[in-house]
Structures are given as C-alpha cells and as structure tokens.
Number of protein chains: 2
Amino acid sequence: MTPSPGRKKRSTILDVATVAGISRGTVSRVLNGEPYVSDEARVAVNKAIKEVGYVPNMAARNLVRQRSQAVGLLIHEPHALFLEDPNIGSIMLGANTVLSQAGYQMVCLIIDSELDVNRIGQYLNGGSIDGAIVISAGENDPITELIEQLAMASAFVGLPPNHRPLPFVSIDNKKAAAEITARLKASGRTQIGMIASALGRAAGADRLAGFEDALGSSYRPELVAMVEHFSFDAGIAGMRELLERCPTIDAVFAASDAVAAGALSVLQRIGRRVPEDIAVVGFDDSVWAQRTNPPLSTVRQPASELGAQAAELVLAQLRGEEINRGGVYLETSIVWRDSA
Amino acid sequence: MTPSPGRKKRSTILDVATVAGISRGTVSRVLNGEPYVSDEARVAVNKAIKEVGYVPNMAARNLVRQRSQAVGLLIHEPHALFLEDPNIGSIMLGANTVLSQAGYQMVCLIIDSELDVNRIGQYLNGGSIDGAIVISAGENDPITELIEQLAMASAFVGLPPNHRPLPFVSIDNKKAAAEITARLKASGRTQIGMIASALGRAAGADRLAGFEDALGSSYRPELVAMVEHFSFDAGIAGMRELLERCPTIDAVFAASDAVAAGALSVLQRIGRRVPEDIAVVGFDDSVWAQRTNPPLSTVRQPASELGAQAAELVLAQLRGEEINRGGVYLETSIVWRDSA
DNA sequence: TTGTAGGCGTTATCAA
DNA sequence: TTGATAACGCCTACAA
C-alpha cells in the first residue's frame, strides 16, 4: 500500500510547447485536430506530448469551453428496486454505448438521500455535465424541476413526473398492459386479477389503466391488489391478498416480472398449479422471466433501446436540433411462455 | 418539448458581488464559510445569491482548487454479469452513502468498450475526479495500470489484478469457500463437486482453492466443472457437465448464487430432489438466494459494507492519511437454508 | 501557418 | 474585516 504520496504533478500545455519548441497556441490546435497546422509541428507536438505524459486538464478546458462533454444518468429509485430492477442495467448500457460513440462521457449519479439531491443540483447546474438522462423520477421530484428551470438538455426514460413537458422516451404501458390482459381473457380465464404496483408513477398507473380497459365491463375492482413497489416481496403480499379476497381466481397480471415471481412463489407454496389452476403473467421480460418455474409469459420491453434513444435525444438537443414533441414511444411485444 | 433554447445564462460571483454591493473576495469567503466576514456582509451576500440564482461554476472552482470533490466508481464487468450481479448495486449504495456524507459526489463510470477505456483514462487523469473505487477489474487492466502510475487515491473492491500493491477491501474468498465446503462434508455428503467460475479473477480462483483445501485428500478434480462467468447460464452448463461426469454426485458448491440457481434449475428439470438427493450451496447471499426453491444455503458477503469501506479508504487517502497496508478484509458468514 | 494575449469564474495572497 | 489582483490551464480571436 502506498503512503498516499499525492498524485504526480501533471504537465501542462506549456510544458509540451516548451519541449516541442513552439507556442501553446499551436499545441492547442494540434490537440483539437484543427487545420492549419504544419505536419512538422504536428509531429513535434505529438512527440512532446508523449514525452511529458501530457493529459489535458478537464477543468480548464470545461471552463473556457463552457461545456463538459459529459452527460449525467440520474438514477432515483427506492433502494430495493435499484438492486433488483434489471432494466436499469440495460438502460445504462444502452445509453453508454450511444454517448460513448459520440465522444461523451456518461456519468451515473445515484440519488439516495436528501444530501444527494442538493449536491446533484449543484452538479447539474454547475456545469459538470451538459445534459441529463433521468431514470424513474417520482412525483414532485426537485431534480426534475431544476432540469426544467434550467432548460437543460435532458431526456426521461419513462414519462416525466407531473406531466412536465420534457423530452422522454417510453413504452406505452397502458397499451401493452391491455394487450396482455386481452390475451389472458382470450385464453378462457374468467376471474382475472391484477397485482398493481407503484401507482404513484406513470408506469404503474398506466398498467392498471390498461388492465381495466381490456377487461371493460368484466372488470372487478376487488380483484386488484395494490402494492407499493415493483418487487418480489410486493408480489408475495399482493398474491396473498388476492387469494384471500377471491380464492377462485384463475389468472393474475402482475405489474412486473419481479412481482410475478413473488406471486408464483406463493402459489407454489400453497400448491396451486401454474398454469393449470391459475395463469400468471408479468411485465418486462427481465432475467427473472426465464428463470421462474414455469417461465413467465410477459411483455417484452426494449430496455437497452430505451437508454440508447434517451441518449440520442440528449445529443440532438446538444447539437441544437429541434426534437420531436410529445416524446418517443418504443414498441413492446408479448412473449408467451408457460406460465399462462 | 422545448425547441432546445440553450440553457439559461448562469450568473457569476461578480453578479452577486455587484448586487450585494461588495467585492468578489468577500462573496467567495461567504460561499466557503470562512471566518472574518461581518454578519452584515454575510446576510447581504446570501440575499444576493438568492436574488440572482447563483450557483458556483464547478469547472472554475476545480481549476483553481486543483480538485473536484468527486470520486469515481469504475465498473468494469462483462455485459451479462453487470446486469445480474446484485452485489454491484449494494456496493454502489454503500459507497455513495459514505461519500455523500463526506461531501463528495460519487460518479459511476461504466467501462464497456475500448472507447470507454480511453475516455475514462482522460477522466481520471484530467482532474475530473479526485479518487477512484474500482469494481472487478480484470487481469492486465489498463485502467488499473493508470491508477497505479498516477498514484491516485484509490480502492479496489476485491483484490487488485496482477497482485498490484494497491489499496483494497475484500472478503477472504478462500477461507469462506473452505468453510462452506467443510460444512457440506460434515453433513455427510461424500461426492462433493464444484462449479468453479471466473478462474481468471482472484475471487473465482480463491473459491476453488478453498474448496480444494477443505476437501484435502478427498478432492477429486473430475468433480470440478469450470465455467466462464458467475452467471445463471454458466450454472446450467456446469451442472450438466458435472452430472455427466459423475451421475452419483450428491453435493455441489456453486461459485455464486446465480450459478447455484442455474444448477438448481437443471436438477429440478431432471427430477433430482434438493437437498434429499443432492445438496447445493452458493455464494453471495444475494437476492437470488432467498428466491430459489428451495432457498439456498450460501456464504453471506457484506456487499454494501464493502462499498462503504472502499469509500472510506479513498477518503483517508484524500485526507493524506497513511492507510493500512495489505488491504482490508471483511468477515463473511454462512447462511444455512434448505438447499443443503 | 504561427505566435500573442485576453478571458473563462474561482480562489487565495497581500495590502489596506 | 475587506478589496485588489494574480494565478489555475486552456481556447481562440487577432495579428503577424
């Protein structure tokens, strides 16, 4: 272990210029690949750069350029969800790929306390990032307000809270929920229930709305259990509640795969056969879906594409382009496995 | 959607000073909570700050201070693992809590391509972060080399690659693996196999070493299946291989819970009862462990504590303190559930 | 094609 | 206790 000797002293453009025997201006031009530099100079500079181990100081560069060439990915999830939600990882990877290719550094900022909220406010406003991708902001999110006030380049994954008119990319949760519910109905089930989660967020509320829509007049409110999160544990609680309220229930639409997995575990424990006695479907087509027993029928959501498109949206704004009003909707599809 | 009008113009210290009717120096002193400022001035400055909506420009501040008050969390995982590994989320949360309380911004940087490697090299060296926490770097990792060369404040979660003498916090994989294997043996199993993963990394290699140690003379090489990753799919492959090589196998130590879950799915499909016919144990005590059927006996690893301690290690170096040579080891424990 | 010099927004040193 | 003023390292007109 080192006795923490402090970082090595970094060399500056001036060092490079001195070694190369030319002016700082020319060094800078080489650095930025500008035209009007003699090959001779270019070669000398590159040599000198290697020699002194020069790396540009970002703070100085950002200061004068008034931009950072970085985009933040803000993650604002309740603890439990953050650990479970496989979509987040895919979204991150998708966004990173796009930003990376455009020469932007993606920096993920996680918001997990009041302290974080303030600090990140500074980070956004202080010029450390040029734009932001926001994942799952809750209602009345202060960060969302800030982003709107600053009119900074941004893109939400999922609908922005409080219907703020901000750029976003999302799936149509309502439509997708209606589709899979309809399929359940078409397969002959008659007592179809739902474990609805996170009703405080658009994704949660819309899935319930789609469920209602699809059922129409046969919708029975007592067959809906409302739970807090899109989590396994919530699935357990929701399934128990449903069974208690209606023991003869023969189908369940769980608001997410994790919820469905929780529900399955309850059914398994009490000996209900899936799908013979009761059908279960989920939402997300996450890694969970293929690993439950039986594997889940579910709605496939293009998670990494959501991240990628959100990144594109931010980049477009950074380029000063007009962007499509009303947000971007990506297609979902139904994946039918054995659980229904 | 806004026509991307560009961000609002930010106000500077000078604006605040003008409004408050005093000099920039005093404003700066108020901002940094320094002594020797009259109450009168302090009040006037705070009022002016609100009035003009001032937020410090980080680039300028970082430039003059020569530090960024930010710590990077570098995630360098193969795609699949990143999406599955529940430890990563806990580590992130643990580290963020500590850094946040110390007034540091944690920024996660994900390394997923060659492009990323170069860009992040600049990010590290260019003064955008003061220190780095590194999760799961592979052998001959260029970023690790850079960190060592720069002698920058750092902490690895898990052992640093190539035995580089860098600060780290880890569990004792070998010891923990030996313990759970011994327990398996003590429970009367006689044909104990292992699905060993990620042998190219210390965590993977050490778990196998511990397994060998515990078995001693009864160790049988043919009862070890080597797989690439700590993943569900690898567990499937490994279990199949083991069954083929030794159909009478009666216990399996899987190198991670995800691997164990994959193994369980194979056993279930072919109708072997767990734990009656064959015992299965995992490693991590991740969310997977409690959700398999039967729930997994496994090694509990204090993931969020690993993140927290890594953060402390970085902070200590940033304060210029000497740090404990030889790294920090955290305790593990065995959690015995129903799978063995 | 190259050099010069002003300025980006803060902090920090020194007088006052 | 406060106000000038010189850095911090880089980019970018402008002049040469």
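Proteins come first, then strands; the chains are lettered A, B, ... in the order of their sequence lines, and each starts at number 1. We use all heavy atoms of the structure for the numbers below, so side chains are in, but hydrogens, waters and symmetry mates are not.
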Response to the item:
Hits for salt bridge (charged side-chain N to carboxylate O under 4.0 Å, His left out) against Arg164(A), two or more places apart or cross-chain, chain-then-number order -> Glu148(A)
Atom pairs, N/O to N/O, protein against nucleotides 1-4 of chain C, distance under 3.5 Å?
unit_1 : atom_1 : unit_2   : atom_2 : d
dT2(C) : OP1    : Ser38(A) : OG     : 2.4
dT2(C) : OP2    : Ser38(A) : N      : 2.8
dG3(C) : OP2    : Ser23(A) : N      : 3.1
dG3(C) : OP2    : Ser23(A) : OG     : 2.9
dG3(C) : OP2    : Thr26(A) : OG1    : 2.9
dG3(C) : N7     : Arg29(A) : NH2    : 3.2
dG3(C) : O6     : Arg29(A) : NH2    : 2.6

Fill in: For Glu114(A), all residues meeting side chain to side chain contact (heavy atoms under 4.5 Å, CB included), sequence neighbours excluded
Val117(A)
Discussion item. With the threshold set at under 4.0 Å for non-hydrogen atoms, list the residues of residues 47-70 of chain A touching DNA chain C in residue-number order.
Written reply: Leu63(A), Val64(A), Gln66(A)
Fill in: Residues in salt bridge (charged side-chain N to carboxylate O under 4.0 Å, His left out) contact with Arg201(B), at least two apart in sequence or another chain
Glu77(B)
Residues 305-313 of chain A, side-chain donor-acceptor partners within the protein, below 3.5 Å, at least two apart:
unit_1    : atom_1 : unit_2    : atom_2 : d
Glu305(A) : OE2    : Gln309(A) : NE2    : 3.2

Worksheet item: What residues, two or more places apart in sequence or in another chain, satisfy salt bridge (charged side-chain N to carboxylate O under 4.0 Å, His left out) together with Arg24(B)?
Response: none
Item to complete: Output every pair passing salt bridge (Lys or Arg N to Asp or Glu O under 4.0 Å) with a member in residues 103-113 of chain A, not counting sequence neighbours, ordered by first then second residue.
Response: none
Worksheet, complete the sentence: Quick note, side-chain hydrogen bond (donor to acceptor under 3.5 Å, both in side chains) partners involving residues 48-58 of chain B, not counting sequence neighbours, are none
Worksheet entry | First and last nucleotide of DNA chain D, 5' to 3', lying under 4.0 Å from heavy atoms of chain B | dT1(D) to dG9(D)
Item to complete: Determine to 10° how strongly the helix from dT1(C)-dA16(D) to dA16(C)-dT1(D) is bent, judged from the axes of its five-pair ends.
Response: 40°
Solution key, residues 89-110 of chain A side-chain donor-acceptor pairs under 3.5 Å, sequence neighbours excluded:
unit_1    : atom_1 : unit_2    : atom_2 : d
Asn96(A)  : ND2    : Asp116(B) : OD2    : 3.0
Thr97(A)  : OG1    : Leu93(A)  : O      : 2.9
Ser100(A) : OG     : Asp116(B) : OD1    : 2.5
Ser100(A) : OG     : Arg119(B) : NH2    : 2.5
Gln105(A) : OE1    : Arg119(B) : NH1    : 2.4

